[in-house]
Protein chains: 2
Amino acid sequence: MTLKSIEWGTPHSLFFKALANPARMSIMSLLHTEPRSVTEIFEELGFEQTMVSHHLRCLSFCGFVKSNRKGKSKIYSLNKETIVPILEIVERHLVKYASSLYSCDVLER
Amino acid sequence: MTLKSIEWGTPHSLFFKALANPARMSIMSLLHTEPRSVTEIFEELGFEQTMVSHHLRCLSFCGFVKSNRKGKSKIYSLNKETIVPILEIVERHLVKYASSLYSCDVLER
DNA sequence: TACATAAATGACTAATCCGTCATATGACAT
DNA sequence: ATGTCATATGACGGATTAGTCATTTATGTA
């Protein structure tokens, strides 16, 4: 029984996987208001520094944030082009289905 | 070190988690063309029946597909309202970043 | 009713993910 | 060059996820 082709399959699900982590989402949420250094991010969110770096690495690779050095710091900013329009759609969906998402046992607990 | 509040955090990442699975994406891709029964889906994709049922359960809960009985079968169809506009944005993003997504070791290979 | 087909459920485990720890690299100042 | 602050990297292990198997429930038919 071989796996048939997959139209939207892998690349699309990778895209969503990048966003499917609460820490990464909260980092992006912070950057949405304004650019910040790694230190500012981990202090404001109460995360480990290394954790933030790992996630920024992912977000950076995947094109959701960009960065530029400023002295010893590195300032990360959100690439709003993709994430902002998506968030609007997500929020519209959540109005109806947020509570259902929580009760989906396939997704957690 | 307490965790500060998270603007887009958990509900948003749950939304994306639902989409962050290649099997679920390919099921939705199939349903995008036209509604199908569970049997049709698992045969066309070469998946296990139970696997498809599990994923449909999730997608249904989360509001991405809907279903209605037709005799012994149950016909699933895509709720295009959310997924279609998002897919357009995703695809635009993928034009630039698809290969990067693959090379993101945080997400795996 | 008994049977057949269709779909759903639950439990189990292999694979994957993610946060942490230890450590390394980079940048600037003295 | 050395020290210090800022960020990044790599490896490891606990937690989570997703697919499979066995079984159950649902629907329709003889």
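Numbered from 1 within each chain, the chains take letters A, B, ... in sequence-line order.
In this structure, Leu31(A) CG and Thr33(A) OG1 are separated by 7.5 Å, a value rounded to the nearest 0.5 Å. One finds the CG atom of Leu87(A) at 4.5 Å from the CH2 atom of Trp8(B) (value rounded to the nearest 0.5 Å).
Using bins of under 30°, 30° to 60° and over 60° for the plane-to-plane angle, the ring pair Phe16(B)/Phe16(A) lands in the parallel bin.
Atom CG in Leu107(A) sits roughly 14 Å away from atom P in dT16(D) (whole-Å rounding). When rounded to the nearest whole Å, the span between NZ of Lys17(A) and C1' of dA18(D) equals 11 Å. Rounded to whole Å, the distance from NE2 on His55(A) to C1' on dA8(D) is 14 Å. Atom CD1 of Ile27(B) and atom C1' of dG19(D) are 12 Å apart (whole Å). Look at CG on Leu45(A): it is 12 Å from P on dG19(C), rounded to the nearest Å. Rounded to an integer number of Å, the gap from Leu14(B) CG to dT16(D) P is 13 Å. Atom-to-atom, CE of Met51(A) to P of dC21(C) comes out at 13 Å; the value is rounded to the nearest Å.
Contact check, Asn21(A) against dC18(C): a side-chain N or O comes under 4.0 Å of OP1 or OP2.
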Base versus backbone protein contacts along nucleotides 5-15 of chain C [heavy-atom cut-off under 4.0 Å; B, S, -]: BSBBBBB----
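When Arg92(B), Glu91(B), His93(B) are each tested for a side chain to side chain contact (heavy atoms under 4.5 Å, CB included) with Ile89(B), only one passes: Arg92(B).
Residue-environment remark: NZ (Lys66(B)) exceeds the threshold of 12 foreign heavy atoms within 6.0 Å.
One finds a salt bridge joining Glu44(A) and Arg36(A) here, because a Lys/Arg side-chain nitrogen approaches an Asp/Glu carboxylate oxygen to under 4.0 Å.
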